Peer 1: 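Structure in structure tokens, see below.
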Amino acid sequence: MSEFSSKEKKILLEHFSNTDKKVFAIITPRQVDRGALMSRYSRTNKSMRRIFLDEFLKNKNRGEEFYNRVLSEYGDDSVAELGGAQIAIEDLSNIAVKKIEDRRIGLSYLEKSSRYVAWNKKEKGKYRFYRDPEILKSRFADMYEETCNFSFDVYSKNIEPMIKYVREKYPIEKYSFKDSTNGKEKLFFKLKNEGDIKSANMIYKGSTKAKALDILRGLLPASTLTNVGITGNGRAFEYLLTVLGSSELQEEKDLATKIKKELDTTIKSFVRRVDDKYGKTFQKYLRDIKNKSKSIAVKEIKPKPTKGIITNLVEYESEKTAIDKIITSIMYEQSPSTSYQNILQQVKKFPKQKKNKIINEFIKLRTNRRHRPSRAFENIYYTFDLCNNFGMFRDFHRHRTLTLERQLLTTDHGYNISNEIKILGIEKDFKDCMNKTKETFEKIRKMYPEQGQYVVNFAYNYPYFMKFNLREACHLIELRTVPQGHADYRRVAQQMFKRINNVHPNLSKIIKFVDLKEYDLERFESEKRTEEKRKNLK
């Protein structure tokens with residue numbers, strides 16, 4: 001006999017995907033009710049659908065009441081993860097978007113690309129960059145505006161010349177495309193089908209434009225306005241709002257207010273503590289951490305700017321110790337009842353040849369880069385001391401299964417200049433742009449060290465460190481060396497692999513899909529695959 005009457009079933013079908021199965025989707029329209037049902041479900045013997053009929057159907061405010069009580073009275077933060085939202089933010093700087101994307105857990109991001117979209121558009125006659133209110137009301141206002149405009153001028157006027165140069169250096173006749181008549185690859189001039197020729201031109205134009213924009217993006221200042229979409233749960237959003245609210249930058253504090261206002265329309269109950277005593281105390285705590293760290297660092301550490309690009313592996317364990325830990329972890333789950341310590345003691349006695357054979361067995365199991373190594377490979381860590389251009393950092397920053405700490409963006413560490421910039425004959429313009437930025441930054445930073453970051457170009461080198469395990473090394477290095485990747489981060493990822501291979505020659509074999517080659521048009525093969533998929537959808 002069914003648990004529900006015919007009348008109840010009719011009501012339930014408006015809120016759940018079915019009324020008689022053990023697996024069902026919660027489709028009740030209010031986010032707060034979906035989350036509260038999940039949480040309430042864990043504290044009663046009733047079925048979820050019965051809870052809904054008995055408690056939520058009769059009281060439209062039941063969801064809010066439940067969360068207000070749990071979060072306020074019990075402080076059970078985990079229930080805030082049961083409410084999710086999607087927020088779009090437009091026209092924020094590349095400084096603010098990095099602060100947002102520093103949050104690693106509970107949030108996912110999609111950000112506007114600098115390699116597919118030219119950032120040279122004007123709005124009401126002005127380039128689209130953030131104008132910080134503190135700077136605009138200071139004596140540096142005109143200097144800041146002029147410097148950012150100069151960066152955009154050099155970037156904008158060289159887009160078409162750079163595209164032309166790239167297409168002259170890598171002519172379409174050099175590349176092969178799919179012939180739809182027999183499915184084989186043919187050089188462009190051998191294609192006869194009008195549709196194939198059209199597709200080939202689309203592929204070529206897309207990959208050459210991306211190459212040109214990749215080369216020029218170093219000219220963009222960090223004030224450049226971007227867009228980002230965020231998907232996440234209430235708990236993660238609450239922490240994000242607290243971090244932004246504790247910032248010294250007006251842009252980030254304003255964003256906290258604006259994001260909170262929009263979240264109140266969707267998951268208000270999940271982020272309600274941001275504005276109360278809990279939130280204010282938390283913001284003070286974050287400011288205290290920053291101020292205490294700064295006071296100690298300034299007192300104890302003598303500055304020594306790094307000049308040029310570095311990719312240094314500064315912390316790691318011996319390969320012998322690492323292999324023992326990994327083999328112990330490999331065997332632990334499937335071992336007869338015993339302790340980790342007991343397995344480790346036995347593994348240490350294995351001959352070296354036997355240990356390497358075990359590791360190689362697991363290397364063989366990986367047949368493509370999406371076959372991630374097992375969690376056993378999370379037991380060994382690497383710390384990299386890095387300094388590379390800020391534009392490249394923005395790509396590495398998207399990896400979140402690791403520990404990353406970074407400093408303020410400055411002009412202290414020099415900048416990158418590509419060979420293409422020199423060959424095209426715009427080296428002087430490029431250097432003039434960098435020098436003007438440095439001069440402006442040095443003046444602003446004395447009074448406004450945080451706000452000074454906005455004027456710094458993507459080409460300037462930026463120091464940070466990353467600590468990650470071997471499993472994440474596989475993901476990061478293999479992903480960031482794929483042919484379509486930006487040349488800058490491909491080189492750094494390749495260097496990371498070489499450093500790991502140098503200290504762990506046997507273990508590094510698990511990173512078996514690293515691509516150490518160089519490519520003319522990084523996006524070419526990817527554009528071909530995209531075009532093939534597009535044609536198949538017709």
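All figures in this text were calculated on a predicted structure; none of them were measured in a lab.
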Peer 1: If only atom types and distance count, is the side chain of R406 paired as donor or acceptor with the main-chain N or O of Y464 below 3.5 Å?
Peer 2: no
Peer 1: Using the rule given for side-chain contact (heavy atoms from CB on, under 4.5 Å), can you reason through M466 versus M496, listing the C-alpha separation, both sets of side-chain angles and the distance that settles it, and then say yes or no?
Peer 2: CA-CA 11 Å; M466 297 171 73; M496 283 180 164; 4.2 Å; yes
Peer 1: Work out which heavy atom in D515 is nearest to a heavy atom in Q494; give both atom names and the distance.
Peer 2: O-NE2, 3.0 Å
Peer 1: Taking only residues two or more places apart in sequence or in another chain, which ones pass side chain to side chain contact (heavy atoms under 4.5 Å, CB included) with L110?
Peer 2: none
Peer 1: Of K304, R445, K438, which is the lone residue that meets side chain to side chain donor-acceptor pair (under 3.5 Å) with D412?
Peer 2: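 Only match with D412 under side chain to side chain donor-acceptor pair (under 3.5 Å): R445.
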Peer 1: Walk me through it: do T403 and R104 pass the test side-chain contact (heavy atoms from CB on, under 4.5 Å)?
Peer 2: CA-CA 9 Å; T403 297; R104 298 174 299 175; 3.9 Å; yes
Peer 1: So, are R490 and E522 salt-bridged, with charged N and O less than 4.0 Å apart?
Peer 2: no
Peer 1: Using a 6.0 Å cut-off, check whether atom CD1 of I105 has over 12 heavy atoms from anything other than its own residue.
Peer 2: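 Not buried by this count: 12 neighbours or fewer within 6.0 Å.
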Peer 1: Is it true that atom CD of E194 has more than 12 heavy atoms of other residues, nucleotides or ligands lying nearer than 6.0 Å?
Peer 2: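 Open: at most 12 neighbouring heavy atoms sit under 6.0 Å from CD of E194.
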Peer 1: Between F393 and Y460, is the ring centroid distance below 6.0 Å?
Peer 2: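 No; Y460 has its ring centre 6.0 Å or more from that of F393.
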Peer 1: If you count the non-hydrogen atoms of other residues, nucleotides and ligands that lie under 6.0 Å from OH in Y316, is the total more than 12?
Peer 2: no
Peer 1: Is the number of heavy atoms from other residues, nucleotides or ligands under 6.0 Å of K112 NZ greater than 12?
Peer 2: yes
Peer 1: Are any of the side-chain nitrogens in K294 or E248 under 4.0 Å away from the carboxylate oxygens of its partner?
Peer 2: no
Peer 1: If you compare all heavy atoms of P373 against all heavy atoms of C474, which two are closest, and at what distance to 0.1 Å?
Peer 2: CG-SG, 3.5 Å
Peer 1: Is there a side-chain contact between R491 and N388, using heavy atoms and a 4.5 Å cut-off?
Peer 2: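 A side-chain contact is absent here, since even the closest heavy-atom pair is not under 4.5 Å.
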Peer 1: Report yes if the side chains of K436 and E146 come closer than 4.5 Å at any heavy-atom pair, otherwise no.
Peer 2: yes
Peer 1: If the plane angle is over 60° it's perpendicular, under 30° parallel, otherwise tilted; pick one for F129 and Y144.
Peer 2: perpendicular
Peer 1: Between D520 and Y175, what is the shortest heavy-atom contact and its length?
Peer 2: CB-OH, 3.6 Å
Peer 1: Is a side-chain donor or acceptor of D385 paired with a backbone partner of N312 at a separation under 3.5 angstrom?
Peer 2: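 Judged by distance alone, no pair lies under 3.5 Å.
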Peer 1: Take atom NZ in K290; do more than 12 heavy atoms of anything else shown fall under 6.0 Å from it?
Peer 2: yes
Peer 1: Which value, rounded to the nearest 0.5 Å, describes the distance between K157 atom NZ and L216 atom CG?
Peer 2: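 These two atoms lie 12.0 Å from each other.
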Peer 1: Under a 3.5 Å cutoff, is there a donor and acceptor pairing between the side chains of N416 and D488?
Peer 2: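 On atom types as modelled, these side chains do not qualify, holding no pair under 3.5 Å.
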Peer 1: Quick check against the 3.5 Å criterion: does D196 have a side-chain atom that pairs as donor or acceptor with the backbone of S199?
Peer 2: no
Peer 1: Taking salt bridge (charged side-chain N to carboxylate O under 4.0 Å, His left out) as the cut-off, I'd like each qualifying pair that reaches into residues 216-231, sequence neighbours left out, listed once.
Peer 2: R217-D395
Peer 1: With side chains defined as the heavy atoms from C-beta onward, is the minimum distance between I95 and E252 less than 4.5 Å?
Peer 2: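 They are in side-chain contact.
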Peer 1: Ignoring hydrogens and angles, state whether a donor on the side chain of N120 or S156 is under 3.5 Å from an acceptor on the partner side chain.
Peer 2: no
Peer 1: Checking side-chain polar atoms at under 3.5 Å, does Y130 have a donor or acceptor matched by the opposite partner on N94?
Peer 2: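 There is no such pair (donor and acceptor under 3.5 Å, judged by atom type) between the side chains of Y130 and N94.
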Peer 1: Which donor-acceptor pairs under 3.5 Å do the side chains of residues 219-227 make with protein atoms, sequence neighbours left out?
Peer 2:
residue, atom, partner, partner atom, Å
S223, OG, Y454, O, 3.4
T224, OG1, P221, O, 2.6
N227, OD1, D91, N, 3.3

Peer 1: Any idea which heavy atoms bring L255 and A96 closest together, and the distance?
Peer 2: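 It is CD1-CB, 3.8 Å.
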Peer 1: For the atom pair CD (E378) and OG1 (T401), what is the distance rounded to the nearest 0.5 Å?
Peer 2: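 These two atoms lie 8.5 Å from each other.
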Peer 1: I'd like to know if the side chain of N501 reaches the main chain of F497, judged simply by a donor and an acceptor atom lying under 3.5 Å from each other, with no hydrogens or angles considered.
Peer 2: no
Peer 1: Could you check whether E478 pairs with R370 (Lys NZ or Arg NE/NH1/NH2 to Asp/Glu carboxylate O, under 4.0 Å)?
Peer 2: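 Salt bridge: no.
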Peer 1: Go through the structure and list residues passing side chain to side chain contact (heavy atoms under 4.5 Å, CB included) with M143, not counting sequence neighbours.
Peer 2: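 Residues passing side chain to side chain contact (heavy atoms under 4.5 Å, CB included) with M143: T147, T440, K443.
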Peer 1: Just do the side-chain contact (heavy atoms from CB on, under 4.5 Å) check on E111 and K98 with the steps written out, would you?
Peer 2: CA-CA 10 Å; E111 184 187 343; K98 291 306 109 185; 3.2 Å; yes
Peer 1: Do S246 side-chain atoms and Q283 backbone N/O form a donor-acceptor pair below 3.5 Å?
Peer 2: no
Peer 1: Taking NZ, NE, NH1 and NH2 as the nitrogens, is one of them in R394 or E101 under 4.0 Å from a carboxylate oxygen of the other?
Peer 2: no
Peer 1: For A473 and F468, work out which heavy atoms get closest and say how close.
Peer 2: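 Of all heavy-atom pairs spanning A473 and F468, the closest is CB-CE1, 3.6 Å.
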Peer 1: Got a sec, which residues hit side chain to side chain contact (heavy atoms under 4.5 Å, CB included) with K126, two or more places apart in sequence or on another chain?
Peer 2: R131
Peer 1: Verify the distance criterion only: is there a donor paired with an acceptor across the side chains of E185 and S176 at less than 3.5 Å?
Peer 2: no
Peer 1: Considering only residues two or more places apart or on different chains, which pairs with a residue in residues 201-239 satisfy ring pair (Phe, Tyr, Trp, His ring centres under 6.0 Å)?
Peer 2: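 Applying ring pair (Phe, Tyr, Trp, His ring centres under 6.0 Å) to every pair that reaches into residues 201-239, excluding sequence neighbours, yields Y239-F282.
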Peer 1: May I ask you to decide whether K428 forms a salt bridge with D432, counting only side-chain N to carboxylate O separations under 4.0 Å?
Peer 2: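 Salt bridge between K428 and D432, a charged N being under 4.0 Å from a carboxylate O: yes.
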Peer 1: Does the S138 side chain pair with the main chain of I135, one donor and one acceptor, at a distance under 3.5 Å?
Peer 2: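 Yes: the side chain of S138 pairs with the backbone of I135.
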Peer 1: Do the side chains of E251 and K99 get close enough for a salt bridge, i.e. N-O under 4.0 angstrom?
Peer 2: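 Salt bridge absent between E251 and K99.
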Peer 1: Which label fits F458 and F390: parallel for a plane angle under 30°, tilted from 30 to 60°, or perpendicular past 60°?
Peer 2: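 Taking F390 first and then F458, their aromatic rings stand perpendicular (interplane angle over 60°).
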Peer 1: So, does R235 use its side chain to make a donor-acceptor pair with the main chain of E238 at under 3.5 Å?
Peer 2: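 No; zero donor-acceptor contacts below 3.5 Å.
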Peer 1: Any side-chain heavy-atom pair from V228 and L92 closer than 4.5 angstrom?
Peer 2: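 Yes, side chains in contact.
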Peer 1: Check each of K268, K261, K260 against D275 using the salt bridge (Lys or Arg N to Asp or Glu O under 4.0 Å) test, and report the only one that passes.
Peer 2: K260
Peer 1: In terms of heavy-atom contacts, does CZ of R398 have more than 12 from other residues, nucleotides or ligands at under 6.0 Å?
Peer 2: yes
Peer 1: Is there side-chain contact between I477 and I500, with heavy atoms separated by less than 4.5 Å?
Peer 2: yes
Peer 1: Parallel, tilted or perpendicular: which fits the ring planes of Y489 and H486, with parallel below 30° and perpendicular above 60°?
Peer 2: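 Ring orientation of Y489 relative to H486: tilted.
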Peer 1: Between N201 (side chain) and I197 (backbone), is there a donor-acceptor pair under 3.5 Å?
Peer 2: yes
Peer 1: Nearest heavy-atom pair of M162 and I421: which atoms, and what distance?
Peer 2: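 M162 and I421 have their closest heavy atoms at CE-CD1, 4.1 Å.
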Peer 1: Looking at R128 and W119, would you say the former's side chain and the latter's main chain have a donor-acceptor pair under 3.5 Å?
Peer 2: no
Peer 1: Do the side chain of Q407 and the main chain of P463 share a donor and acceptor less than 3.5 angstrom apart?
Peer 2: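 Between the backbone of P463 and the side chain of Q407 there is no qualifying donor-acceptor contact (under 3.5 Å).
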Peer 1: Would a 4.5 Å heavy-atom cut-off, applied to side chains only, mark F177 and I172 as touching?
Peer 2: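 F177 reaches I172 side chain to side chain.
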Peer 1: First locate atom CG of D429, then atom OG of S151, and finally report the distance between them rounded to the nearest 0.5 Å.
Peer 2: 11.5 Å
Peer 1: Hey, is CG on N368 packed in by over 12 heavy atoms from elsewhere, all under 6.0 Å?
Peer 2: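 For N368, atom CG is crowded (more than 12 foreign heavy atoms under 6.0 Å).
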Peer 1: To the closest 0.5 Å, what do you measure between CG (L187) and CG (D179)?
Peer 2: 11.5 Å
